[in-house]
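Only this structure's heavy atoms are used, side chains among them; waters, hydrogens and symmetry mates stay out. All values derive from a computational prediction rather than experimental measurement.
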Amino acid sequence: MLAPRSRLDSQSQISDEMAQRHETTRAPDGSLPDSTLLDFAPYRSSVLRHPTQPLQPVDPEAAELFAPCFGSTDVWAGESDLTTQHRGEPIGERMVVTGRILDSAGRPVRRQLVEIWQANSAGRYIHQNDQHPAPLDPNFSGIGRCLTDDDGGYRFTTIRPGPYPWRNHLNAWRPAHIHFSLFGTAFTQRLVTQMYFPNDPLLSLDPIAQAIPDDSARARLVASYDHGVTTHEWATGYRFDVILGGGSATPLESPEEHDA
């Protein structure tokens, strides 16, 4: 439950809490955790939602009886272009986001279902819970998916999302970001993460991004601008690889986490 607006903490209070929390997790050798802190109190609404009990084993086959499933024939090429899903063109900076899905040994993860969802260029989702006064774009749904190719590659054409306010604290704004979901070979393997944009001043203020204390791990969530991907008079280009294990792994969300 969010606090009433009159009781919301300031950004400076949240920033101080984030710095203190990072320090309490520092190891004797000075290193910081490179994974998400689930009980990260500066992310206010996660306090009541983060896991407090040990994980329980489940029968993966039994779970599959009730979980969604898909086949490669369920995904068509047009779903990777979020700018052509309606009659008109969406408003905003058209961009291409591409990259590879790799395992811990650097091998391509082939035929992987990659799903993305995001806000529009004004920073608003098409969702009943998103009621902040930014315009909806009738030509942009913010949802796309594709399968990786033989090299583990994926490619989306979309619109750069805008930042948006949320009620974690006073004057809280989420950095522009795109959610990524990787399906795995079964629904119980689904992994979720977020991609951010380089040089975003909101990143250092955001309790969700800062729930990963280690700078280098957090940096692995930031896409790189790639002028080779940028297309003449049409779209800017960004590259974002997702590594599923090892020392260079992309930080991932737990199933219990949820974005505001």
Side-chain angles (χ1 to χ4, degrees), residues 75-102 108-109 112-127 130 132 134-149 151-166 173-183 191-206 208-209 218-243 250-253 259:
V75 183
W76 62 286
E79 293 183 81
S80 63
D81 189 342
L82 283 69
T83 68
T84 59
Q85 297 174 347
H86 300 274
R87 290 186 177 181
E89 293 190 7
I91 298 172
E93 174 191 330
R94 184 187 291 107
M95 65 178 191
V96 170
V97 178
T98 187
R100 299 175 70 200
I101 311 300
L102 303 169
V109 181
Q112 173 67 214
L113 177 65
V114 183
E115 300 170 300
I116 64 170
W117 64 97
Q118 62 170 95
N120 67 21
S121 62
R124 186 166 177 183
Y125 291 95
I126 299 179
H127 191 284
D130 189 346
H132 96 271
L136 289 171
D137 187 339
N139 294 313
F140 189 74
S141 299
I143 299 171
R145 62 179 185 170
C146 69
L147 295 173
T148 56
D149 58 23
D151 198 34
Y154 71 86
R155 183 183 181 94
F156 290 102
T157 302
T158 184
I159 296 295
R160 178 165 174 147
Y164 57 83
W166 61 311
W173 288 78
R174 290 242 52 219
H177 61 277
I178 297 177
H179 300 263
F180 274 69
S181 164
L182 309 175
F183 196 85
L191 301 173
V192 176
T193 190
Q194 297 184 25
M195 184 201 94
Y196 298 100
F197 292 87
N199 304 314
D200 189 331
L202 293 174
L203 266 174
S204 63
L205 305 176
D206 179 48
I208 294 180
R218 206 164 49 245
R220 293 198 288 274
L221 296 177
V222 180
S224 58
Y225 172 76
D226 189 333
H227 202 63
V229 177
T230 294
T231 306
H232 178 66
E233 294 187 349
W234 192 72
T236 56
Y238 291 86
R239 186 171 294 280
F240 182 62
D241 293 339
V242 178
I243 302 173
T250 303
L252 300 163
E253 297 177 3
D259 191 0

Considering residues at least two apart in sequence or located in another chain, which fulfil the salt bridge (Lys or Arg N to Asp or Glu O under 4.0 Å) criterion with [X]?
| X | value |
| --- | --- |
| E93 | none |
| D226 | R239 |
| D81 | none |
| R145 | E79 |

With heavy-atom distances below 4.5 Å as the criterion, would you say the side chains of [X] and [Y] are in contact?
| X | Y | value |
| --- | --- | --- |
| L221 | Q194 | no |
| V222 | L203 | yes |
| Y238 | T158 | no |
| M95 | P161 | yes |
| T148 | P108 | no |

Could you tell me whether the side chain of [X] and the main chain of [Y] form a donor-acceptor pair under 3.5 Å?
| X | Y | value |
| --- | --- | --- |
| S121 | R160 | no |
| D241 | R100 | yes |
| T193 | F180 | no |
| Q118 | I159 | yes |

* Pick one: which of Y164, W117, F140, W166 meets ring pair (Phe, Tyr, Trp, His ring centres under 6.0 Å) with Y125? ->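 Going through the options one by one, the only one that passes is Y164.
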Once side chain to side chain donor-acceptor pair (under 3.5 Å) is applied, do any residues pair with [X], and if so which ones, sequence neighbours excluded?
| X | value |
| --- | --- |
| R124 | none |
| S181 | E115, R190 |
| Q112 | none |
| D200 | none |

Least distance between heavy atoms, [X] atom then [Y] atom:
| X | Y | value |
| --- | --- | --- |
| A235 | T230 | O-CG2, 3.2 Å |
| Y225 | T236 | CE1-CB, 4.3 Å |
| N139 | P90 | O-CB, 3.5 Å |
| H132 | A122 | NE2-O, 4.1 Å |
| A119 | G162 | CB-O, 4.4 Å |
| D206 | P175 | CG-CD, 3.4 Å |

* **Set of side-chain contact (heavy atoms from CB on, under 4.5 Å) partners for Q85, sequence neighbours left out** =>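 Q85: side-chain contact (heavy atoms from CB on, under 4.5 Å) contacts with L82, S141.
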* Asked: CG of L202: more than 12 outside heavy atoms within 6.0 angstrom?
  ->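 Buried by this count: over 12 neighbours within 6.0 Å.
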* May I have the step-by-step check of side-chain contact (heavy atoms from CB on, under 4.5 Å) for V242 and V114, ending in yes or no? => CA-CA 11 Å; V242 178; V114 183; over 6 Å; no
Would you please name every residue forming a ring pair (Phe, Tyr, Trp, His ring centres under 6.0 Å) with [X], sequence neighbours left out?
| X | answer |
| --- | --- |
| F156 | Y154 |
| W173 | none |
| H232 | none |

* **Stepwise side-chain contact (heavy atoms from CB on, under 4.5 Å) test for H177 and I208** => CA-CA 11 Å; H177 61 277; I208 294 180; over 6 Å; no
* **Single hit among F240, Y196, F197 for side-chain contact (heavy atoms from CB on, under 4.5 Å) with I178** =>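 Testing each of F240, Y196, F197 against I178, the sole residue satisfying side-chain contact (heavy atoms from CB on, under 4.5 Å) is F197.
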